[in-house]
Each structure stands twice: as structure tokens, then as C-alpha cells.
There are 2 protein chains.
Amino acid sequence: MRARVEEDTKGRRQVYEACLEPCAIERGMRIIGGKWTGSILWHLKDGPVRFNDLARMVGGASKKMITERLRQLEGQGLVHRDVVKTSPVTVQYEITEFGRTALGFLDELRKWTESLPADLPKNV
Amino acid sequence: MRARVEEDTKGRRQVYEACLEPCAIERGMRIIGGKWTGSILWHLKDGPVRFNDLARMVGGASKKMITERLRQLEGQGLVHRDVVKTSPVTVQYEITEFGRTALGFLDELRKWTESLPADLPKNV
DNA sequence: CAGAATCCAACCGGATACTG
DNA sequence: CAGTATCCGGTTGGATTCTG
């Protein structure tokens, strides 16, 4: 098996060697587990959202982060970018059909997180 | 609402302000989305695994990483550490009942990743 | 509005060597 | 075997400023 060279969620160069190839869990996490990535995708589930609105919805992430993640998601075909020629221009981000295939997992994650007891051991 | 100060998967200090509190997706990702975290948990699903065996199973991660993640998972109550007094000592890591509650969506993630077409747009 | 550009301290994580 | 300790270059991501 040849070594694969890819970019993960954060644009980091990842070299997957023969016997070091991460399992599906790890690969998946590298795709949608990056900081803010899942959250961004999730907030697009109900329809197109404009850049600044998205930034507000994903509260906590800087514009820089939102931009980087969106570019990545776009490059991966999970999100579609649409420029509306108003003045000033507005930009709509929309989840693609492919992107929607990840929502099932994200919803499971959401349910899991929300089910966590309030008195967790530590750090959870 | 007061600001919460916690540690995420990677032990980073995270300050969650009132209106900046991440959504469940993001919080969940901070718990099990860290590098190697999901993979480690996943590889414990079939029963206790010893340290070095785990390191091999999660191929690619250094011992340092395995150790750090295991300590974290242990502190969160997702994994239990058991020292067996052989000579030299062996250490077994076992997923807890609580930890098992995370396997559901991890399996969703696995299925999602494995379903990805071979000819993906980019970076996926 | 929707970014792009820059700065930079903090952190991450691999490599290596060592230990009981 | 199951770690710990240390080094250290690379990456990350927040803050800030600027633009069409």
C-alpha cells in the first residue's frame, strides 16, 4: 500500500503510511472533528445561512476560523458557497446533499452530549 | 449565566462565556473529538486491552499521546485503568459503562467514513 | 457585509532517551 | 512492560487592522 498524503480538517498535511493508516474513526474525526467544523455544518442544516449570521450562531469562533472551516468544507463538497450580488454582496452558505450525510452522526453526538449528567466526574 | 472554566480533550483550558457557550456538537467534539481519543475508545469496545497492544491498535499515535489521552479518558470516567501485579506489571484499560454510551455515535461516524466514495472532491 | 492580511504567544505532538 | 521526562520545530487560532 502506498502512503497517502492528505489534508485533514485543519488543513494540516497528514501522511498516512501503510501500517499507520488510522482507522475509520480517526479518519472521520479528521474530516469533521476539527474545531468548529461540526458546529458549522450543524448550523447549516435548516437552510442557507449568511456569513455573519453563521459567525454569530457558532458563537465563540472568530471570523478567521469560520472562514477557514467554510473553505475547507467547501473544498470537501460538504458545503456550497453562493454569492448574491446585492450591494454590498451577501454570501450564503448551504449544506450539500453530501454534507447532509454527516448530519446523522452529528445528531447522535448532540444527543449524547445533551444526555451527559450534570455531575460529571471531571473535565467532561 | 456564569462563565465556566473547563478542560477539553486536549487538556486545554477553555473558558465558556455566557453567550459564547458552544452548542452541544462543539462541546461533544471537545470531549471525544481530540486527536486519537475516539480511536482509542473505539478500540476498547471488545474488552480490556493492554497499553502496548493499544498503542499498536491505534497505530500512528506515540506512546506519549496514548498516555495523555488515556489519562484524560480515565479522568472523565470513560475508561478504567487496572494494574495487574505481574512482573513486570501489566496494565489493562477497559471501557466503562459510561464510555459505552459514546460508542453509538462513534459507530455512526465509522459507517459514515467507510461510506465515503473513493473519488472524493478534495481533502476528504 | 464578507472577508483578507498580519502578528505572535501558546500549544501540540513527534522524536528520543531514560526508568522501575 | 508501561510508562516518564525533555527537547523543540511546527501549527494553531485569537486579536487586530484593513478593504471593496
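First the proteins, then the strands, lettered A, B, ... as listed; each starts at 1. If you're wondering where the values come from, they're calculated on a predicted model, not measured in any experiment.
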Between A/Ala61 and B/Asn52, which is nearer to the 5' end of DNA chain D once each is assigned its nearest nucleotide? B/Asn52

So, are A/Lys111 and A/Glu108 salt-bridged, with charged N and O less than 4.0 Å apart? yes

Could you give the CZ-to-C1' distance, from A/Arg69 to D/dT11, as a whole number of Å? 12 Å

Ignoring hydrogens, what is the shortest heavy-atom contact between A/Leu44 and A/Ile95? Give both atom names and the distance. O-CG2, 3.5 Å

Heavy-atom nearest nucleotide on DNA chain D for B/Pro88 versus A/Pro88: which residue maps closer to 5'? B/Pro88

Within this structure, what is the NZ-to-P distance between B/Lys85 and D/dA2, rounded to whole angstrom? 15 Å

Choose from C/dT6, D/dT4, D/dC7 the nucleotide whose nearest atom is closest to any side-chain atom of B/Lys64. D/dC7

Using only side-chain N and O atoms of B/Tyr93, determine if any of them is under 4.0 Å from OP1 or OP2 of D/dC1. no

Among the candidates C/dG3, C/dG13, C/dA2, find the nucleotide nearest to the side-chain atoms of A/Arg50. C/dA2

Do you know the tightest heavy-atom contact between B/Val58 and B/Ser39? CG1-OG, 3.8 Å

B/Gln92 CD to D/dC1 C1', in whole Å, measures 12 Å

Proximity to the side chain of B/Lys35 - top-ranked nucleotide from D/dG14, D/dG3, C/dG14: C/dG14

May I ask you to evaluate whether B/Arg71 reaches the phosphate of D/dA2, defined as a side-chain N or O under 4.0 Å from OP1 or OP2? no

Please state how far atom CD1 in A/Ile66 lies from atom P in C/dC1, giving the value in whole angstrom units. 14 Å

Rounding to an integer number of Å, can you tell me how far B/Leu54 CG sits from D/dA2 C1'? 12 Å

From D/dG13, C/dG3, D/dG3, nucleotide with atom closest to A/Lys63 side chain: C/dG3

Nearest 0.5 Å please: distance from the CG atom of B/Leu109 over to the CZ atom of A/Arg27. 10.0 Å

Is there a side-chain polar atom (N or O) of A/Arg81 under 4.0 Å from OP1 or OP2 of C/dA2? no

Selected nucleotide, minimal atom distance to B/Arg56 side chain, candidates C/dG3, D/dC1, D/dG14: D/dC1

Name the closest nucleotide to the A/Thr67 side chain, picking from C/dA4, C/dA2, D/dC7. C/dA4

Please round to the nearest 0.5 Å and tell me the distance separating atom OH of A/Tyr93 and atom CD1 of A/Ile66. 10.0 Å

Listed nucleotide nearest any side-chain atom of A/Met65, set D/dG14, C/dG14, D/dT4: D/dG14

What is the distance, rounded to the nearest whole Å, between atom CE of B/Met57 and atom P of D/dA2? 13 Å

Tell me the interatomic distance from A/Glu68, atom CD, to D/dA15, atom C1', rounded to whole angstroms. 14 Å

Euclidean distance, atom CG of residue B/Asp82 to atom P of D/dG3 [Å, nearest integer]: 11 Å

